[in-house]
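Every chain is numbered from 1, with letters handed out A, B, ... down the list of sequences. Nothing here was measured: the structure is a model prediction, and the numbers come from that model. No hydrogens, no waters, no symmetry mates; every other heavy atom, side chains included, goes into these values.
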Amino acid sequence: MPELPEVETVRDGLARHVLGRRVEDVVVHHPRAVRRHAGGALDLPGRLAGRTLSAAVRRGKYLWLVLDDDAEEALLVHLGMSGQLLVRREDTALTLPPPEHLVHPPTPPPLPLPAAAPGASADSALTADSALTAESALTAEGALTAEGALTAESAPTAESALTAAPGVPSDPERHLRVALRLDDGARLWFVDQRTFGHLLVADLVPTADGRPGGQGSPVPALPEPAAHIARDPLDPDLDRAAWARRLRQRRTEVKRALLDQSLVSGIGNIYADEALWRARLHPRRATDRLTQRAALELLDASEAVMREALAAGGTSFDALYVDVEGASGYFARSLDAYGRAGEPCRRCGTPMRRESFMGRSSTFCPRCQRPSRG
DNA sequence: GGAGCCCTGCGA
DNA sequence: TCGCAGGGCTCC
């Protein structure tokens with residue numbers, strides 16, 4: 001799933017490919033994708049049409065495109081577990097990531113860092129034939145009004161036209177949720193298989209600390225629905241000492257606190273396990289028993305693992321498409337903890353243990369990461 | 001502060 | 001057929 005480094009890769013792609021473009025029209029293909037938009041699916045297209053995308057900003061895993069230059073509203077996007085933003089252009093078939101990256105990627109055997117990008121590049125994108133099919137389907141659907149598209153969300157015609165070749169279990173057309181057409185002819189697609197992601201238009205509100213809202217813009221504002229989201233470990237304006245103090249004031253377990261987006265954002269289950277392993281902390285360690293130094297080391301570890309992933313993940317980004325699934329090396333990246341249950345700890349060789357915790361799995365080294373250690 | 005739910009596809 | 005995976009919101 002897209003984690004912070006993948007979202008940052010997407011933000012960077014958006015910044016380079018859609019800024020300055022005006023939205024011509026919008027089709028909502030699945031109402032669930034806009035469930036958090038205050039005005040609902042029928043309102044969203046009108047809120048976007050005619051607006052110019054003026055900045056691409058990210059905080060944690062939230063991403064937003066500022067609308068027009070007055071910085072009063074933004075299109076806010078959360079990719080959830082399987083969301084993607086794709087930029088497609090009519091004049092080329094090389095606008096999609098390779099299909100294999102759209103499939104739920106199996107966890108590959110761990111590779112040493114820095115991980116090489118997966119073999120596939122945009123050059124191996126969909127064939128011209130399938131791209132043509134997609135284009136014609138898009139045109140046909142684009143003719144629908146927003147309302148029509150909603151009713152026809154499972155329209156047999158559209159569905160059959162969009163069905164990809166057998167053997168490709170997932171493809172952008174099938175999971176297209178929202179399509180924006182831009183004034184340069186490009187399409188910006190929000191594609192989301194599991195529909196945990198969402199997209200909405202919201203007012204920008206001032207940041208509490210007067211500092212920039214996130215990566216990508218100096219403007220000290222962020223969308224209201226993301227106002228409760230803390231700064232992330234890559235944010236230069238994150239007050240690290242204050243974070244450590246707040247963490248230690250909590251009476252909870254350290255992994256739970258790491259996943260709390262109102263303390264520090266952008267850390268999901270995978271990075272939490274990785275950071276805890278690096279910091280040698282047991283996931284269930286009591287936060288109020290951490291020293292300030294140990295808390296800061298945990299934050300350092302979180303930042304380091306994200307920077308490494310970002311460095312590995314950005315490399316295979318191709319100028320012609322914006323890929324969120326993180327094609328980009330995320331899944332080839334080395335993981336020291338997550339998904340390594342039963343395998344030897346890379347520090348001490350003890351078999352890694354997996355426990356269910358908070359409804360999520362936690363993988364840790366029972367020897368290096370003691371609940372009671374200093 | 002914590003449990004449950006949303007949703008889909010894969011693998012056992 | 002069922003369990004699992006995941007982030008974040010809602011409700012307790």
Side-chain angles (χ1 to χ4, degrees), chain A residues 1-7 10 29-38 58-64 76-84 99-108 153-154 159 163-164 166-177 190-200 202 223-230 232 246-274 283-288 302 306 324-326 330-331 335 337-341 354-363:
Chain A
M1 74 301 313
E3 298 267 356
L4 187 151
E6 290 73 36
V7 180
V10 172
H29 293 264
H30 197 306
R32 187 172 152 78
V34 298
R35 64 193 178 281
R36 304 209 181 277
H37 178 69
R58 179 196 57 75
R59 173 185 288 208
K61 297 182 201 173
Y62 280 88
L63 179 65
W64 62 93
L76 178 65
V77 182
H78 195 292
L79 299 169
M81 294 181 54
S82 55
Q84 300 174 285
E100 59 264 35
H101 291 313
L102 301 170
V103 180
H104 228 30
T107 305
E153 111 194 34
S154 56
E159 191 57 35
T163 300
V168 180
S170 176
D171 59 274
E173 289 79 18
R174 181 172 166 195
H175 298 114
L176 174 62
R177 306 306 185 202
F190 177 63
V191 171
D192 188 11
Q193 181 191 86
R194 298 192 197 181
T195 68
F196 270 42
H198 64 274
L199 168 158
L200 56 86
E224 194 279 330
H228 65 291
I229 299 297
D232 60 67
R246 288 185 66 197
L247 177 82
R248 297 170 58 220
Q249 284 166 2
R250 288 285 176 100
R251 298 182 66 85
T252 185
E253 296 152 324
V254 66
K255 179 166 178 178
R256 185 181 292 278
L258 265 190
L259 294 175
D260 184 340
Q261 305 294 302
S262 67
L263 271 178
V264 62
S265 69
I267 302 178
N269 200 42
I270 297 174
Y271 283 101
D273 279 5
E274 294 301 304
R284 310 197 75 155
R285 170 76 74 86
T287 47
D288 57 357
S302 307
M306 283 184 181
V324 180
E325 189 77 6
Y330 170 77
F331 288 98
L335 295 171
Y338 183 85
R340 294 197 68 243
R354 176 182 177 280
E355 284 185 10
S356 188
F357 171 54
M358 289 174 64
R360 305 280 181 266
S361 69
S362 286
T363 309

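Rounded to whole Å, atom P of C:dC4 lies 15 Å from atom CE of A:Met81. Per the geometry, CG belonging to A:Leu63 stands 13 Å off P belonging to C:dG8, to the nearest Å. Per the geometry, CZ belonging to A:Arg32 stands 10 Å off C1' belonging to B:dT8, to the nearest Å. Look at CG on A:Asp260: it is 15 Å from C1' on B:dA3, rounded to the nearest Å. Here C:dG7 presents its P atom at 12 Å from CG of A:Leu4, a figure rounded to the nearest Å. In this structure, A:Asn269 atom CG and C:dG8 atom P are separated by 12 Å, rounded to whole Å. In this structure, CD of A:Glu355 is placed 15 Å from P of C:dC4, rounded to the nearest angstrom. Across the protein-nucleic acid pair, A:Ile270 atom CD1 and C:dG7 atom C1' stand 12 Å apart, rounded to whole Å.
Looking only at distances, a side-chain donor or acceptor of A:Asp192 sits under 3.5 Å from a matching main-chain atom of A:Gly197. Under the 3.5 Å distance criterion, the side-chain polar atoms of A:Arg32 are left unmatched by any main-chain donor or acceptor of A:Phe196. Without hydrogens or angle criteria, A:Thr287 side chain to A:Thr252 main chain gives a donor-acceptor distance under 3.5 Å. Within the 3.5 Å criterion, the main-chain N or O of A:Thr363 finds a donor-acceptor partner in the side chain of A:Asp273.
For A:Ser361, no side-chain nitrogen or oxygen approaches OP1 or OP2 of C:dC4 to under 4.0 Å. Contact between the side-chain N/O atoms of A:His78 and the OP1/OP2 oxygens of C:dG8 is found at a separation under 4.0 Å. OP1 or OP2 of B:dG1 has at least one side-chain nitrogen or oxygen of A:Arg250 nearer than 4.0 Å. Contact check, A:Arg360 against C:dA5: no side-chain N or O comes under 4.0 Å of OP1 or OP2. A close approach under 4.0 Å does not occur between any side-chain nitrogen or oxygen of A:His175 and OP1 or OP2 of B:dC7. Residue A:Tyr62 places at least one side-chain N or O closer than 4.0 Å to OP1 or OP2 of C:dC9. Distances shown here put every side-chain N or O of A:Arg36 at or beyond 4.0 Å from the OP1 or OP2 atom of C:dC9. Within the 4.0 Å cut-off from OP1 or OP2 of B:dG9, at least one side-chain nitrogen or oxygen of A:Arg174 is found. When the side-chain nitrogen and oxygen atoms of A:Arg256 are compared with OP1 and OP2 of B:dA3, one or more of them lie within a distance under 4.0 Å. Between A:Gln193 and B:dT8 there is no side-chain polar atom (N or O) within less than 4.0 angstrom of OP1 or OP2. Distances shorter than 4.0 Å separate none of the side-chain N or O atoms of A:His198 from OP1 or OP2 on C:dG7.
Annotation: the terminal axes of the helix from B:dG1-C:dC12 to B:dA12-C:dT1 meet at 50°, where each axis is the rotation carrying the C1' atoms of four end pairs onto the next four (5 pairs per end, rounded to 10°).
Comparing A:Thr195 and A:Gln249 by the nucleotide of DNA chain B whose heavy atom lies nearest to each, the residue mapping closer to the 5' end is A:Gln249.
Considering only side-chain atoms of A:Phe196, the nucleotide from C:dC4, C:dG8, B:dC7 that sits closest is B:dC7. Here C:dC9 is the nucleotide among C:dA5, C:dG7, C:dC9 with the atom lying nearest to any side-chain atom of A:His228.
Atom CD of A:Gln261 sits about 11.5 Å away from atom CZ of A:Arg59, to the nearest 0.5 Å.
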Worksheet item: Stepwise, does the side chain to side chain contact (heavy atoms under 4.5 Å, CB included) test hold for A:Leu258 with A:Ser302?
Response: CA-CA 9 Å; A:Leu258 265 190; A:Ser302 307; 4.2 Å; yes

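Ring geometry, A:His198 versus A:Tyr62: the interplanar angle exceeds 60°, so the pair is classed perpendicular (tilted spans 30 to 60°).
The only member of A:Arg360, A:Glu274, A:Lys255 that meets side chain to side chain donor-acceptor pair (under 3.5 Å) when paired with A:Asn269 is A:Lys255.
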